[in-house]
Amino acid sequence: MAGDIGLMVDRVYGVARRLNNILLTILLTARLFVAIFPAMHVGQDYLEIAILLLCGARFVFLVADLVRGAMTWRRAMFPAIVLLGVVAAFGGYQSRLLMKIAAGLAEAGILGFAIAVAVSRSRDDTRPFEERLIDRLQLFVPLQLARFAVSEMLILHAAVTGLFRRGRKSPQGYSYVENSIFRIMPLLILFGSPADVFIIDLVLRALHVKGWLWTALLTGSDLYLLLWTYGMLVTMRERPHEITERYLRVYKGIFGNAAIALDSIEAAALVPQAKAGKTEGCADLSLRGTSKVEIRLSRPTRVVRWFVPEPEQISCVTVSADDPNVFCRAIAQNRSATP
């Protein structure tokens, strides 16, 4: 009995959705004729109201299909964009305002959905948070745009949390950023920005240009750059190299990482300063101005680099280390202790 009722509800739902689509098509065609033949403008306002109501109903059907599992998020994106375009074209100023609000809410909803799914990872998914988040976001936007959005979000979040949570202990591991130029970049920008703003303001005054707007833009850019460099420094401090029971996990902040099986490591050695350039066939996850350690493997491992579309399988990885001798000894000890 319950199955018969469910089947009947599905049939009624399908008929109502098809009828809505047919009526919407007919009214859009009629509205097109009104635009081509101005003499047929009688009842145009009622026609546009009917189109908006049918668009609203179509959107409800779209959401219902998503909830019922009859349509995927990816397939729902294009019809939703078309509906918003129709509303903007035929609805006047109020509808265009509602469309912008709906688009903003949709973007926030997509990002929130992706973050929620990425946070609630399965137990066997040991990838970093940013990789899981990118996997979800690229269902809705191109991969490069997803990478850019995630990097900006993580770096700014790290900057804010770093400022308001000062004094907390850094994660245990082997650091690699304290001897690099990234450690002093925020200070260079902080002390150099006032001079930049002052000089630009003097130049604009000398040229008799009302430069308050340019000064404000320069100040805002310097503040953003200060936050960005500090956030990048925090992400590197929050992701030190670490050795677990079976893996050596190496990082370059959020811009690169690899999980290397300890039993696949053949050797880990300090790279001489004279040979500090890039080695062909070796994935470079190092920073400028730091000591580098080259890790050679007996079999390829998965190396993720931020702006390389697909992870690579590479048998050699170069990373930075603040204390390379301690880092190499720890790798050797744990490698020998691995069954």
Side-chain angles (χ1 to χ4, degrees), residues 108 111-112 114-121 125-137 145-197 216-244 248-259 284-293 304-307 319-324 326-327:
L111 184 59
I115 292 174
V117 174
V119 169
S120 59
R121 64 177 178 181
D125 191 352
T126 59
R127 295 175 302 163
F129 170 74
E130 56 268 16
E131 287 187 45
R132 303 197 306 273
L133 181 55
I134 286 173
D135 270 357
R136 306 307 174 190
L137 277 182
L145 181 58
R147 287 186 183 277
F148 175 78
V150 170
S151 63
E152 294 299 301
M153 181 182 68
L154 291 179
I155 287 172
L156 293 179
H157 177 265
V160 173
T161 55
L163 287 172
F164 289 100
R165 296 183 186 177
R166 295 188 64 85
R168 65 175 180 174
K169 292 184 178 180
S170 299
Q172 294 297 314
Y174 302 91
S175 63
Y176 52 87
V177 71
E178 301 305 325
N179 294 329
S180 74
I181 191 174
F182 292 100
R183 185 169 180 253
I184 62 171
M185 279 183 66
L187 292 176
L188 293 177
I189 296 171
L190 178 63
F191 291 110
S193 293
D196 287 342
V197 174
L217 288 174
L218 180 62
T219 303
S221 299
D222 284 346
L223 288 174
Y224 181 81
L225 184 59
L226 176 62
L227 275 177
W228 198 90
T229 52
Y230 177 67
M232 186 169 58
L233 175 63
V234 172
T235 64
M236 292 179 181
R237 285 175 171 166
E238 291 291 324
R239 290 168 172 78
H241 306 318
E242 57 181 353
I243 299 176
T244 63
L248 164 65
R249 301 185 184 278
V250 294
Y251 295 92
K252 185 181 179 180
I254 64 170
F255 296 110
N257 66 83
D284 188 6
L285 298 182
S286 63
L287 304 174
R288 289 181 179 273
T290 60
S291 299
K292 299 181 181 181
V293 173
V304 177
R305 287 188 283 184
W306 198 251
F307 296 109
V319 299
S320 295
D322 289 332
D323 195 335
V326 171
F327 185 48

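Each residue takes its place number in the sequence, starting with 1. Quick note: numbers below take in every heavy atom, side chains included, and nothing from hydrogens, waters or symmetry partners.
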Here the pair of heavy atoms bringing K292 nearest to L287 is CE-O, 4.0 Å
In terms of side-chain heavy atoms, does S320 have a donor or acceptor partner in S286 at a distance below 3.5 Å?
no
Under 3.5 Å, is there a donor on one side chain and an acceptor on the other for D322 and S175?
yes
Could you tell me whether F148 atom CZ has more than 12 heavy atoms of other residues or ligands within 6.0 Å of it?
no
N/O donor-acceptor pair under 3.5 Å between S180 side chain and F182 backbone:
yes
Can you tell me how far the CE atom of M153 sits from the CD1 atom of I254, to the nearest 0.5 Å?
9.0 Å
dist I184:CD1 -> L233:CG (nearest 0.5 Å) comes out at 11.0 Å
What closest approach, in Å, do Y251 and E242 show between heavy atoms, and which atom pair accounts for it?
OH-OE2, 3.8 Å
Calculate, to the nearest 0.5 Å, the distance between atoms CD and OG1 belonging to E238 and T161 respectively.
7.0 Å
Within 6.0 Å of CD1 in I181, more than 12 heavy atoms from elsewhere:
no
Please tell me if the side chains of L248 and V250 come closer than 4.5 Å, counting only heavy atoms from C-beta onward.
yes
Okay, side chain of Y176, backbone of S291: is any donor-acceptor separation there less than 3.5 Å?
no
Would you say V160 and L156 make side-chain contact, with heavy atoms under 4.5 Å?
no
V177 to M236 - nearest heavy-atom pair and separation:
CG2-SD, 3.7 Å
With a 4.5 Å limit on heavy-atom distance, are the side chains of L154 and V150 in contact?
yes
Looking at side-chain heavy atoms only, is the closest gap between L163 and Y230 below 4.5 Å?
yes
Residue pair P240 / Q172: nearest heavy atoms and the distance that separates them:
CG-O, 3.9 Å
Looking only at heavy atoms, the pair that brings L285 and V304 closest together is CD2-O, 4.4 Å
With a 4.5 Å limit on heavy-atom distance, are the side chains of R237 and R183 in contact?
yes
CG of L226 to CG of L188, rounded to nearest 0.5 Å, is 11.0 Å
Distance from I189 atom CD1 to L225 atom CG, nearest 0.5 Å?
3.5 Å
Across all chains, not counting sequence neighbours, the ring pair (Phe, Tyr, Trp, His ring centres under 6.0 Å) partners of F327 are Y174, H241
Heavy atoms of W228 and I155 approach each other most closely as O-CG2, 3.3 Å
